[in-house]
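Within every chain, numbering begins at 1; the chains are lettered A, B, ... in the order of the sequence lines, protein sequences first and strands thereafter.
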Amino acid sequence: MSKTLFGMIQALQETISSQEAFLTELDGAIGDADHGINMNRGFEAVITKFTEEDTDIGASLKKLGMTLLSTVGGASGPLYGTAFMRAGAEAQGKETLTLEEAEVMLAAAIKGIQDRGKAVKGEKTMLDAMMPAQDALKQAVAEGLSVVEGLEKACAAANEGIEFTKTIRATKGRASYLGDRSIGHQDPGATSFTLMLETATKYLKA
Amino acid sequence: MSKTLFGMIQALQETISSQEAFLTELDGAIGDADHGINMNRGFEAVITKFTEEDTDIGASLKKLGMTLLSTVGGASGPLYGTAFMRAGAEAQGKETLTLEEAEVMLAAAIKGIQDRGKAVKGEKTMLDAMMPAQDALKQAVAEGLSVVEGLEKACAAANEGIEFTKTIRATKGRASYLGDRSIGHQDPGATSFTLMLETATKYLKA
Amino acid sequence: MKKIINDPKNVVDEMLKGIVAAHPNHVKRLEGFEVLVRAQGPTDKVALVSGGGSGHEPSHGGFVGKGMLDGAVAGAVFTSPTPDQVYEAVKAVDGGKGVLLVIKNYTGDVMNFEIAAEMAEADGIKVEKVVVNDDVAVEDSTWTTGRRGIAGTLFVHKIAGAKAEAGGSLDEVKAVAEKVITNVRSMGMALSPCTVPAAGKPSFTLAENEVEIGMGIHGEPGTHRETLKTANEIVDHLLQKIFDDISLAADDEVAVMVNGLGGTPTMELYVANLRVSEVMKEKGIKIAKTYVGNYMTSLEMAGFSISVIKLDAELKELLLAEANTPALVQ
Amino acid sequence: MKKIINDPKNVVDEMLKGIVAAHPNHVKRLEGFEVLVRAQGPTDKVALVSGGGSGHEPSHGGFVGKGMLDGAVAGAVFTSPTPDQVYEAVKAVDGGKGVLLVIKNYTGDVMNFEIAAEMAEADGIKVEKVVVNDDVAVEDSTWTTGRRGIAGTLFVHKIAGAKAEAGGSLDEVKAVAEKVITNVRSMGMALSPCTVPAAGKPSFTLAENEVEIGMGIHGEPGTHRETLKTANEIVDHLLQKIFDDISLAADDEVAVMVNGLGGTPTMELYVANLRVSEVMKEKGIKIAKTYVGNYMTSLEMAGFSISVIKLDAELKELLLAEANTPALVQ
Ligand SMILES: Nc1ncnc2c1ncn2[C@@H]1O[C@H](COP(=O)(O)OP(=O)(O)O)[C@@H](O)[C@H]1O
Ligand SMILES: Nc1ncnc2c1ncn2[C@@H]1O[C@H](COP(=O)(O)OP(=O)(O)O)[C@@H](O)[C@H]1O
Ligand SMILES: [Mg+2]
Ligand SMILES: [Mg+2]
Ligand SMILES: [Mg+2]
Ligand SMILES: [Mg+2]
């Protein structure tokens, strides 16, 4: 099987679709029970906009981000939308990526999410998976690991990030209204990010 | 224990109170689940209006009927209200009753209910217990039975009337809207009448 | 039973006080009675009195005010009020031109209101009655009590109320009320039962996915149960029963009420209303006015009813006339 | 899940069509968008746009019309609308005097509306925003997202809408909206959860006799659970939290909203309102206006919220001004 950007986007869509109920359930515990529904609505729209012709990573991620922005809604729509658009801006014209480039893109995505959502690490949001993942990528680059090796480290870090979100109180997003009652539950956004990262990694590795 | 009209009214009130839930449940199956509540509200008001001084059966039953009329509401309020008032009219100034007089009173009560509610026998209403009871009283009078013996026959007939109501379709009252679905359920009004008749009989017998 | 109440015994009294507290410009309590009348006292027009068991709020107290009712009598929950209460309402609102009683067709309501009418007539008050029987769920037969009165009653309040406001005589107001009754049909369905506060438990139970078709507004069972269908299928069924009963042809004009039973989200009522409007359009029937909301409820029951009234010029004008009550301003 | 719907995917679209079908004189659909605007097109006054996730009906589409909103944007159920939808609404209603966005304080709503504002400003449209945060259930802290916006938002629509109708400039309309936000507080409680159609099951569960205090309007859990108390105890608790947060003294004047969450019988809302009025009376606080009903719902959730707004002469006059919308006529 030859790996393509379209193939990866299909894989992402399949993951979101198969995890829709799970993500929604997580959001039900500390939010409004729609995160999976939101993300799935977004990726159902995304998949209709891509074909094998889409090979420019930069242009494609921008299109993906714009589509999420105009179909997801809620908090995750503008956040993931901005994240993909910012990441895309770092990959204009590219058809393949080095691990270093991937790290720069994730950093840009995180910056975009912080510009919009004003959250920092430790507020029980998607950032708590994304930032550790970015740190892991940075270290992997320094250690000279391969793309897949580096992404696997990032996945591990993101999963630790999910575990970390269980131990803290939400102070941003809808879950923040729960106060201490949010403790013990993992963050839906951190989970959807990690699922996407794992899907991308598995797709590249297969 | 000396038997008094007040004692009998107390006994009736206790029966209605203890059977409130049962009568309401019967009404829930084919009506609007309030017959017990209605009757209990009525007898709670009745009991506050009587003392041992009330010995005139005619005047007392009129007062009882008026009280039911102004506190019960629904279908049973005007029907039982009219029934007790008409029965009272047949017992003006009396402090004791013969079986024959009791039969005349029940006949008057039935007439009152038919004047108001326009029902006949076999429409699955209180009349289906009252009319057989009256027939039994009439026969008991003819046979020269005692008051208690006669009332016991009437109770048996009323109970058969209840059984009969299970076999028929309601064509009057709220249960008539159910059509065939009312078959199999006993009529709440026939049941409350029979409970009152049994209470009166037991009170006199004790 | 989960309810925002204090004591089931006080629920009607407290509810009436709560209505007066919210709408002191519209209504006041008839001291000592379960009766709401217009805040400014009796008018010099024909007066309208309606009522019935409680639990149907905003019916009937919510429709006391300019262009609709003059008095509303509240019985215990789902239990028609007693004659003395109705009698007091009639006495309080009569301004000399007589009083029309708007009664929903239930044995209890009819009997209690009739006794009240007899009492008021004995006092020399002119009283007329109309009995609303809009529910097509149950077969009409001279051998039975006839049909129930449900949400279509609102059209009687609105149209006869406007006629009275316009100076109609008691006979004229009664005649237009009868015309409404001849031309209005309703039918409902429930997704869930309701619980009478004093009873403490639901008056029937439905399985997950089961619905009750053609039930009344007092928690009584309906004509049958079935599996939950789509909104469009449900609306089509209810409308078909209505069309089977009243002839409506292209270019006829109607008004529609999509009435929530108390526990139905407004969202669902509007989804249902879309289908009603589509069906009317297909048939070429014009809709002059649509009401969507909780008008004649059954406590917290989930479900809805559809009412359709066939309009002529007179009915339409009176329907569109001004109303200023707690629950309907137009 | 028992709902009167066709397909969860179409519920918002069908609901919007159902609103337009019911109220064609008030509202029309912005073709191709989940947006309702006034039927007669843009006005030459400052325009107001609000919106949010669906499931809060009659909010927000039900409040489009004279004296309130000019446009309402409907997101998916409980999900704030996307920026492009809000942007289209802004463009459609702007009559040259600018547009005020009334946003409820949720991360998603704020971000999506902000992006839309940026897009509209790039087109040269004057846009201002206010963020409503009336829910006192949750502590306000600069470290968090701050408080939620709930039913008190209606007072912003009503009062800022009246100011715009009276010819106020964008700055003036924004200023009075801010004044409302400074002076309005709300808090709610739920007896039962609700079910997002696409999710198919309730977003939380409560034991028989257990209630959720201080929950939001999207099926989110609240501050805590407790055993169901009496209506008076519940009202006292909610009001106390409000009084703890906004100073109200004897002779102050307020308006009150007792808002049903969708599944609450009107009867219970009025029982609750009685207690609200009693507590206000005890404190010598005057109630200028009371709203009781379903204004900002959470699908079929049972429960209610209380909103209190402290009035000055300006707020009172604007609150009592005319409104003519599908869900509020006064
Ligand atoms: N300010 C923020 N910064 C970063 N992520 C956030 C922020 N607010 C919310 N999130 C993320 O969004 C997720 C919720 O998304 P979603 O449920 O789709 O939107 P909503 O909360 O509007 O219903 C949370 O789990 C969290 O990860
Ligand atoms: N027309 C009638 N004639 C005689 N009895 C009737 C008639 N209609 C109803 N009933 C009796 O009234 C009973 C119901 O009373 P109740 O539940 O208190 O009133 P409602 O039906 O108004 O709720 C029925 O069980 C039946 O026995
Ligand atoms: Mg969410
Ligand atoms: Mg009954
Ligand atoms: Mg009853
Ligand atoms: Mg959401």
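Between chain C and the residues D:Val276, D:Thr264, D:Ile5, D:Val292, the largest count of heavy-atom pairs under 4.5 Å involves D:Ile5. Ranked by heavy-atom pairs shorter than 4.5 Å toward chain D, the options C:Glu14, C:Met267, C:Lys229 are led by C:Met267. Between chain C and the residues D:Cys194, D:Gly61, D:Ala231, the largest count of heavy-atom pairs under 4.5 Å involves D:Ala231. Counting heavy-atom pairs under 4.5 Å between each of C:Pro58, C:Ala21, C:Ala22, C:Pro326 and chain D puts C:Ala22 at the top. Heavy-atom pairs under 4.5 Å with chain C peak, among D:Asn10, D:Val258, D:Asn273, at D:Asn273.
More than 12 non-hydrogen atoms from other residues, nucleotides or ligands lie less than 6.0 angstrom from CD of C:Glu208. Surrounding NZ of C:Lys316 are at most 12 heavy atoms belonging to other residues, nucleotides or ligands under 6.0 Å away.
For chain C, no part of D:His56 is nearby; none of its heavy atoms comes within less than 4.5 Å. Residue D:Met301 does not touch chain C at all, counting heavy-atom pairs closer than 4.5 Å. If you measure heavy-atom distances from D:Leu228 to chain C, the contacts under 4.5 Å come from the side chain alone. With a 4.5 Å cut-off on non-hydrogen atoms, D:Asn294 touches chain C through its side chain but not through its backbone. For D:Thr230, the parts sitting under 4.5 Å from any heavy atom of chain C are the backbone and the side chain alike. With a 4.5 angstrom heavy-atom cutoff, D:Val11 touches chain C via backbone and side-chain atoms both.
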